[in-house]
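I have placed the structure first, in the form of structure tokens, so that the comments after it can refer back to it.
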Amino acid sequence: MEIINVKNHIEGGKIAAEILVKAICLKPSSVLGLATGSSPESTYDALVESYRRGGVSFECVKTVNLDEYIGLPQASPQSYHYFMWKNLFSRVNIKPENTHIPNGLAENPEEECTRYDKLIESLGGIDIQLLGIGHNGHIGFNEPSATFTDGTHVVELAPSTIEANSRFFSSKNEVPTRAITMGTEQIMRAKRIILLAFGEGKAEALHHALCGEINPVCPASILQKHQNLTVIADEDALSKM
Ligand code: GLP
């Protein structure tokens with residue numbers, strides 16, 4: 001595991017973007033596993049910056065997102081579809097057909113999970129997975145539970161996640177209670193993982209994830225077993241290490 005201690009999320013985003021740009025230059029058809037939330041925003045800004053300077057092309061890049069809320073239309077500003085188009089896809093030359101996000105409006109969410117697993121397999125797996133971490137140690141929407149999960153599945157969101165994510169909605173009651181997420185084992189199959197953590201609010205979860213017992217009570221703790229994990233975090237997020 002490599003830990004890069006950065007000044008702030010801007011510097012962290014630049015470093016994460018550099019890693020992604022290098023990977024895309026080496027393999028233009030890279031499959032990127034992407035995340036939402038505030039943690040990866042500065043990475044997306046830095047990627048766009050690099051694209052505008054001519055440092056990278058997304059022409060052949062393929063993306064698969066970690067998760068999506070169940071029940072939110074794609075056009076809803078709180079959906080992860082909307083987030084990805086606003087923060088990255090509409091700002092670079094990626095082909096829409098090469099971007100993939102679970103369909104939270106699928107009539108049969110279980111079938112959608114199977115479709116998504118097959119899709120990731122057909123792309124040859126994920127080259128680099130970008131991750132944030134929830135305050136309760138979740139990755140994607142894998143909430144603390146009794147077991148680590150394998151493939152894409154439907155989850156009931158933890159009350160603390162609904163609370164944390166309600167900042168993006170006008171009220172807590174509007175936050176969907178279910179989501180579709182890639183599983184923890186599936187995330188672990190990515191060839192390389194970059195975990196981003198900024199701010200004091202992540203200190204506890206990051207400490208458990210990287211130094212605590214590997215236990216599904218903290219889903220991110222499974223990352224300790226990954227062969228190629230880079231953690232990019234600021235002083236505050238690393239304060240309990
Ligand atoms: C959401 C997402 C996660 C993300 C987490 C942390 O619940 N499903 O993928 O890592 O929030 O978000 P933030 O980066 O905004 O703290």
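When a ligand or atom number is given, it counts from 1 through the structure's own listing order. These figures come from a predicted structure and were not determined experimentally.
With contacts defined as side-chain heavy-atom distances shorter than 4.5 Å, the pair Thr230/Ile4 qualifies. Contact of the Met84 side chain with the Thr99 side chain is not registered, since no non-hydrogen atoms from C-beta on lie closer than 4.5 Å.
Considering all non-hydrogen atoms of both residues, Ser221 and Ile214 come closest at OG-CA, 3.5 Å.
Pocket lining of ligand 1, defined as residues with a non-hydrogen atom under 4.0 Å away: Thr36, Gly37, Ser38, Ser39, Asp67, Tyr80, Gly132, Ile133, His138, Gly140, Phe141, Asn165, Arg167, Lys202.
One finds a salt bridge joining Arg189 and Asp150 here, because a Lys/Arg side-chain nitrogen approaches an Asp/Glu carboxylate oxygen to under 4.0 Å.
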Kindly list each side-chain donor-acceptor pair under 3.5 angstrom involving residues 11-22, sequence neighbours excluded, with atom names and distances?
| unit_1 | atom_1 | unit_2 | atom_2 | d |
| --- | --- | --- | --- | --- |
| Glu11 | OE1 | Lys7 | N | 2.6 |

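Side-chain N/O atoms of Ser57 and Glu59 include no donor and acceptor closer than 3.5 Å.
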